[in-house]
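Okay, structure first, notes after.
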2 protein chains.
Amino acid sequence: MVESNLALDLIFGALADATRRDILKRVSREEQTISELAQPYATSLAAIAKHVSVLEKAGLVTKRRNGKEKLVRVTPEAIEVAAAHLSEYEKVWGDRFDTLEKLLAEK
Amino acid sequence: MVESNLALDLIFGALADATRRDILKRVSREEQTISELAQPYATSLAAIAKHVSVLEKAGLVTKRRNGKEKLVRVTPEAIEVAAAHLSEYEKVWGDRFDTLEKLLAEK
DNA sequence: ATTTGATTCAACCATATGGTTGAATGATAG
DNA sequence: CTATCATTCAACCATATGGTTGAATCAAAT
């Protein structure tokens, strides 16, 4: 019996798309409107709004109204849930953080 | 311009399914054959073999032949790539590990 | 060499996903 | 109140995904 854990389905599903990861990276730096977010991409505004909606349903971002626009910002908690989950698949705990540090140092 | 990063598409895409996460958890404990992996689920062997194949293409597991069967095992490196990537979305570094520890303690 | 067991492949089906366009809604500015 | 800007909704299309079954492959055992 597999416990579905819809939350993780949605979180990882949302992260499985490059455009959405890009949006997430951008809103993790600062709040952005939907229109601002849509700017750099060669797709319709509606398509980007859908991507934001997917991120929102996964709990990775939240939206708040500001006048006629809506500001999108990251929700670090949801990302931490995903990060914590990944640790379940790793046998050696010490190694994990070593490698993580190494990978981050490379950037 | 969004750099596609196929590797992450595949990794997060693979993790977006509860059955695959379950398989990954099981092989992270010890190597398992495809048939062993298929046992607990109410689906066909072929369906599970496909899931394993998705995990394999994402680099999350590897297969090695052992006589007439194939043993599946986890590839911690790929999981670390995903974990490292998640950190990019988090502004507050200190918080991250605090919350991670807290979440793990709860299990 | 044949049979048996384990895995893979191929064809197919239903639903999900990511994209489009055009119309509808919300909120501010004239 | 109406025009305008920002976002959302609805209908639609093409392709991807997860599942099925039956045939094909690969490796051991008889």
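Here is the naming used below: chain letters follow the sequence lines, and residue numbers restart at 1 for every chain.
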Discussion item. Tell me whether L86(A) shares a hydrophobic cluster with L60(A), the cluster being built from Ile, Leu, Val, Met, Phe, Trp, Tyr side chains joined at under 4.5 Å.
Written reply: yes

Worksheet item: NA contact type, T43(A), heavy-atom cut-off 4.0 Å: base, sugar-phosphate, or nothing?
Response: sugar-phosphate

Discussion item. Measure NZ/K50(A) against P/dG18(C) and give the value in whole Å, please.
Written reply: 9 Å

Item to complete: Let me know which of I23(A), V52(A), V27(A) forms a side-chain contact (heavy atoms from CB on, under 4.5 Å) with Q32(A).
Response: V27(A)

Worksheet entry | Listed nucleotide nearest any side-chain atom of K70(B), set dA6(C), dA6(D), dT8(C) | dT8(C)

Worksheet item: Hey, which of V72(B), T19(B), V74(B) is the one that makes side-chain contact (heavy atoms from CB on, under 4.5 Å) with L24(B)?
Response: V74(B)

Worksheet item: Rounded to whole angstrom units, what separation is found between the CZ atom of R64(B) and the P atom of dA6(C)?
Response: 17 Å

Worksheet item: Which nucleotide in the list dT7(C), dT7(D), dT20(C) gets nearest to the side chain of E69(A)?
Response: dT7(D)

Close N/O contacts between protein and nucleotides 22-26 of chain C (under 3.5 Å):
none

Worksheet item: Can you tell me how far C1' of dA6(D) sits from CD of Q39(A), to the nearest Å?
Response: 13 Å

Worksheet item: Is T33(B) touching bases, backbone alone, or none of the nucleic acid, heavy atoms closer than 4.0 Å?
Response: sugar-phosphate

Worksheet item: Within this structure, what is the CD1-to-C1' distance between I48(A) and dC9(D), rounded to whole angstrom?
Response: 17 Å

Item to complete: Give the nucleotide from the list dG18(D), dT21(C), dA6(D) with an atom nearest to the side chain of D17(B).
Response: dG18(D)

Worksheet item: At under 4.0 Å, does any side-chain N or O of S44(B) touch on OP1 or OP2 of dT20(D)?
Response: yes

Worksheet item: From the list dG19(C), dG18(D), dT8(C), which nucleotide is the closest neighbour of the side chain of H51(B)?
Response: dG18(D)

Worksheet item: Can you tell me if T75(A) uses its side chain to pair, donor with acceptor, with the backbone of A78(A) under 3.5 Å?
Response: no

Worksheet item: Of all residues at least two apart in sequence or in a different chain, which pass the side-chain hydrogen bond (donor to acceptor under 3.5 Å, both in side chains) check with D9(B)?
Response: R21(A)

Item to complete: Look only at the side chain of R26(A) and the backbone of S28(A), and say whether a donor-acceptor pair between them is shorter than 3.5 Å.
Response: no

